[in-house]
Amino acid sequence: MFASSVMDRISSMQQLAMAALLMMFGSMALANTDDEAITWLEGMAEAAHQLSYIGTFVYQQGDNLQTMRIIRSVTDEGEYERLVSMSGQNREVIRAQDKVTCILPEDSSIVIEQAGSPRPFTAIPIEHLALLGEFYAIQMGGRARIADLNTRQIDIIPRDQYRFGQRLWLEENSRLLLRSEVFNERGEVIEKLLFTSLELHDHIPAEMLQPNIAAGDQILELDSGLMHRRGSSHAQASWQTSSLPPGFQQKVLRRHYLPNKFSPVEHHVYGDGLASVSVFIEERDDEDEVLIGPSRMGGINVYGQFSHGHLITVLGEVPMVTVQFIAEAMQPIVRP
Amino acid sequence: MNTENHDTEWLSALADDELHGGELQRRLDSLMRDDGLRRRWANYHAIREALHGDSQLALGSQLQQRVSAALSNEPVVLAPRRLPRNWVRHVAGLAVAASVTGVAIVGVQALNQPASLPAAVPTLASQAPAVQAVAQAERLPNPLGQQVRNDHLAPYLVNHNEYSSSTNMQGMLPYVRIVSHGPNQ
């Protein structure tokens, strides 16, 4: 019922929205997707997983601007990555094999997540990038010099209001991403990222991938046996969507224990091939520390609501209308 | 000399801890009055840090303490619209280092240069369905959703990232939203 009311509003506004998009992007929104640009995007995805490097970049979101360093190492054993803040208090995320560790000192909290098996980093193929043309115009842009390296610009322009646009600048040889801008349904830039230095390395010393933990910090590592037993599993869905925004399909269904929670969440992922939206459904009867309604974290929009004794949290790098649409379309599956 | 160059000059002097007495007070006052100047000041330091890779240099410096103290005495001026405290954070972590002024300003300009695609059309855009649909919720003053502390959502976001196509395409970069200092942090 809620979903259909959103749908009606959207339908009635659709033509106006398309007119706005056409004016925003001119003839580009009508243009075809460029095969060369698709090849560059494939190169970017490959580079993101195959190269070892150390880079420094500036991340801007609203008035908030921060400097971060990324260290990435690929060895025979696997991929190791570390992303660390360089301004304010130390915050960092380390990804090693299937484990993700977040060190967030403001809360003295360290979140350690076992992503589960099979290792999902490449579990979603860059499916049929060429088919994205129905929902985005993807085109080659100009050349630019960034962090002393030559780049080519790729423009990803959405054809409707359910997805964000992006401008990406990829290094000409490695195709690593050196600069990006995400823009919303009104054409406003909501997130920027710009590398100020990037060095490719054959070998990254192991100590550079160690967390920077102060003497007083507490590390809460979840018991690995428990983690293993609880883990996450592919499960029968208890929830489903009554409808989805155009182009979105279900990609993942899993049941997973979040750190420090005693009952599992049902996790669905929906995607259009480029943008992804996650739905987390957990049994909750209290409203302590839950986010209801719209909120956001940089380029991530979040929409939360209660339904049938469950908390439904939907988030993704998509416009608010998309996460709200999906949140309102979630329904429990009634089995006889 | 135009105003912008003039501002750059004294911002640089302030960053290098070269202003004193009445001049220092006057510059701090104008910094507190002017959003644009404050943003430039914060950007300026972020870029410096990016170039130097060391945010420890100025921790505990007299400048940092004076600027922070001056700002904390001005709550009204410091709460203009959104995220004012982030600026204080930038100052708290700033790296005061001389000799990179030229490069730092070039960096800031590169980041702030106008987008190459045309900007939004305000009249039509203001009627975009997304805005209306969300405004209908009427739960939060900001129709696009309130920026929230990211730690609360970190476990969700980690699980989202691990299964999202953005991570597949861009590696670890989507984790900037967790590493980033959110509002009130």
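To find a chain, count down the sequence lines: A is the first, B the second, and so on, and within it residues start at 1. These figures come from a predicted structure and were not determined experimentally. Just the heavy atoms: all of them, side chains too, but no hydrogens, waters or symmetry mates, feed the values below.
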Can Thr167(B) and Arg95(A) be said to form a side chain to side chain contact (heavy atoms under 4.5 Å, CB included), step by step?
CA-CA 12 Å; Thr167(B) 306; Arg95(A) 274 171 108 202; 3.4 Å; yes

Would you check if Val158(B) and Cys102(A) make a side-chain contact, meaning some heavy-atom pair closer than 4.5 Å?
yes

Stepwise side chain to side chain contact (heavy atoms under 4.5 Å, CB included) check, Met44(A) with Met169(B)
CA-CA 7 Å; Met44(A) 172 176 81; Met169(B) 304 261 307; 3.6 Å; yes

Is it the side chain or the backbone of Ile71(A) that comes within 4.5 Å of chain B heavy atoms, both, or neither?
neither

Identify the heavy atoms of Tyr156(B) and Phe280(A) that sit nearest to each other, and give their distance.
O-CZ, 3.3 Å

State whether the side chain of Ser85(A) and the backbone N or O of Val179(B) hold a donor-acceptor pair below 3.5 Å, judged by distance alone.
no

Looking at OG1 of Thr313(A) and CG of Leu157(B), how far apart are the two atoms once the value is rounded to the nearest 0.5 Å?
12.0 Å

Test Arg177(B) against every option in Arg296(A), Glu191(A), Gln61(A) by the side-chain contact (heavy atoms from CB on, under 4.5 Å) rule and name the one that passes.
Glu191(A)

Checking heavy atoms, do the side chain of Val84(A), its backbone, both or neither come under 4.5 Å from chain B?
backbone

Evaluate Leu173(B) against Phe57(A) for side chain to side chain contact (heavy atoms under 4.5 Å, CB included), listing each step before the verdict.
CA-CA 10 Å; Leu173(B) 291 176; Phe57(A) 62 90; 3.9 Å; yes

Engaged part of Gln50(A) at the chain B interface, taking heavy atoms whose separation is under 4.5 Å:
neither

By a 4.5 Å heavy-atom criterion (distance strictly below it), what part of Ala144(A) contacts chain B: side chain, backbone, both, or neither?
neither

Do the rings of His267(A) and Tyr163(B) sit parallel, tilted or perpendicular, given the 30° and 60° boundaries?
perpendicular

CA sep, side-chain torsions, deciding dist, call: Asn159(B), Arg254(A), side chain to side chain contact (heavy atoms under 4.5 Å, CB included)
CA-CA 11 Å; Asn159(B) 280 279; Arg254(A) 60 198 278 261; 3.0 Å; yes

Residue of the set Ile70(A), Val93(A), Leu193(A) for which side-chain contact (heavy atoms from CB on, under 4.5 Å) holds with Val176(B):
Leu193(A)

A side-chain contact here means heavy atoms from C-beta on lying under 4.5 Å apart; do Tyr175(B) and Glu81(A) qualify?
no

Nearest 0.5 Å please: distance from the CD1 atom of Ile103(A) over to the CD1 atom of Ile178(B).
12.0 Å

Between His160(B) and Glu317(A), is any side-chain donor less than 3.5 angstrom from a side-chain acceptor?
yes

Check: Ser164(B) side chain, Ser276(A) main-chain N or O, donor-acceptor pair, under 3.5 Å
no

Contact class of Arg72(A) relative to chain B, heavy atoms under 4.5 angstrom
neither

Could you tell me if the side chain of Gln166(A) sits less than 4.5 Å from the side chain of Gln170(B), heavy atoms only?
yes

Quick one: OG on Ser180(B) to CG on Leu83(A), what's the gap to the nearest 0.5 Å?
10.0 Å

Ile146(A) versus chain B, heavy atoms under 4.5 Å apart: side chain, backbone, both or neither?
neither

Nearest heavy atoms of Leu274(A) and Ser165(B), plus distance in Å:
O-OG, 3.0 Å

